[in-house]
Enquirer: 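First the structure, which I've put down as structure tokens, then a few questions once you've had a look.
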Amino acid sequence: MSFESLFDAAVPFWNSEEGLLERIGLLADQVQFGTYNGALKVIATSVGATDLRISGDITRNTCEWCALHVGQVYHRGQFTPELPKHPKCPHYYEIERTGAEPVDPDSAFAAFWGLVS
């Protein structure tokens with residue numbers, strides 16, 4: 001099958017109702033998993049987590065970035081990559097270890113509100 005014949009088949013599919021629904025589903029998954037991972041980072045900070053680990057299955061379709069980073073541990077204050085990295089990315093953050101005392105949400109919010117008001 002040539003590139004032109006694949007392109008000729010792909011364009012009508014992605015412009016069809018089925019193709020549009022597939023793209024909307026991919027976008028919804030991306031937003032949902034991104035929101036989960038972002039919220040987990042905030043919650044991890046509030047419970048005194050010191051380490052986050054990238055978790056998830058490695059399959060034959062796993063991209064190179066994910067294959068190299070699954071199992072990677074990030075310490076508090078260290079840059080943590082945004083997840084998911086791509087559509088259908090099955091990887092997520094998991095709290096690896098906690099060490100500090102949990103933060104009281106009311107006092108943390110009061111301190112935050114003092115900074116922004």
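Excluded from the calculations below are hydrogen atoms, water molecules and symmetry mates; all remaining heavy atoms, backbone and side chain alike, are included.
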Enquirer: To the nearest 0.5 Å, what is the distance between NE2 (His86) and SG (Cys63)?
Expert: 3.5 Å
Enquirer: Any sub-3.5 Å donor-acceptor pair from His91's side-chain atoms to Asp57's backbone N or O?
Expert: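 Present.
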Enquirer: Hey, what else clusters with Leu68 if you join Ile, Leu, Val, Met, Phe, Trp, Tyr whenever side-chain heavy atoms sit under 4.5 Å?
Expert: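 Leu68 shares its hydrophobic cluster with no other residue.
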Enquirer: Does Asp29 have any side chain to side chain contact (heavy atoms under 4.5 Å, CB included) partners at least two apart in sequence or in another chain, and if so, which?
Expert: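 Once residues adjacent in sequence are excluded, the partners of Asp29 under the side chain to side chain contact (heavy atoms under 4.5 Å, CB included) criterion are Gln32, Phe33.
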Enquirer: In the hydrophobic clustering (ILVMFWY, side-chain contacts below 4.5 Å, transitive), which residues join Val31, or is it alone?
Expert: Leu27
Enquirer: Working to the nearest 0.5 angstrom, can you tell me the gap between Thr35 OG1 and Leu40 CG?
Expert: 12.5 Å
Enquirer: Do Phe13 and Val11 sit in the same hydrophobic cluster, where Ile, Leu, Val, Met, Phe, Trp and Tyr count as joined when their side-chain heavy atoms come under 4.5 Å apart?
Expert: no
Enquirer: Which atom names give the shortest non-hydrogen contact between Glu94 and Ser55, and what distance separates them?
Expert: OE1-OG, 2.5 Å
Enquirer: Once ring-ring contact (aromatic ring centres under 6.0 Å, His included) is applied, what residue pairs with a partner in residues 40-63 remain, sequence neighbours excluded?
Expert: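 Listed by first then second residue: nothing to list.
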Enquirer: Does Asn37 reach the main-chain N or O of Tyr92 with its side chain, forming a donor-acceptor pair under 3.5 Å?
Expert: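 No, Asn37 side chain to Tyr92 backbone: no donor-acceptor pair under 3.5 Å.
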Enquirer: Compare every heavy atom of Ala49 with every heavy atom of Arg76, then report the nearest pair and how far apart it is.
Expert: NH1-O, 3.2 Å
Enquirer: Show me the pairs that pass ring-ring contact (aromatic ring centres under 6.0 Å, His included) and involve residues 48-80, at least two apart or across chains.
Expert: Trp65-His69
Enquirer: Distance from Ile43 atom CD1 to Ile95 atom CD1, nearest 0.5 Å?
Expert: 7.5 Å
Enquirer: Does the pair Cys89 and Gln30 meet the rule for a side-chain contact (heavy atoms from CB on, under 4.5 Å), with working shown?
Expert: CA-CA 8 Å; Cys89 179; Gln30 187 86 358; 5.7 Å; no
Enquirer: So if you build clusters from Ile, Leu, Val, Met, Phe, Trp, Tyr with side-chain heavy-atom gaps below 4.5 Å, do Ile54 and Tyr36 land together?
Expert: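 Yes: a chain of side-chain contacts under 4.5 Å links Ile54 to Tyr36.
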Enquirer: Return the CD to OG1 distance between Gln78 and Thr50, rounded to the nearest 0.5 Å.
Expert: 11.5 Å
Enquirer: Please report the closest heavy-atom contact between Glu22 and Lys88, naming both atoms and the distance.
Expert: OE2-NZ, 3.9 Å
Enquirer: What residues form a ring-ring contact (aromatic ring centres under 6.0 Å, His included) with Trp14, not counting sequence neighbours?
Expert: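 None.
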Enquirer: Hey, are Glu82 and Lys41 close enough for a salt bridge, meaning a charged N less than 4.0 Å from a carboxylate O?
Expert: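 Salt bridge: yes.
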Enquirer: Which pair of heavy atoms, one from Leu20 and one from Asn15, lies closest together, and at what distance?
Expert: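 So the two residues come closest at CD1-O, 4.1 Å.
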Enquirer: Can you name the closest pair of heavy atoms from Pro87 and Leu26 and give their distance?
Expert: CB-CD2, 4.2 Å
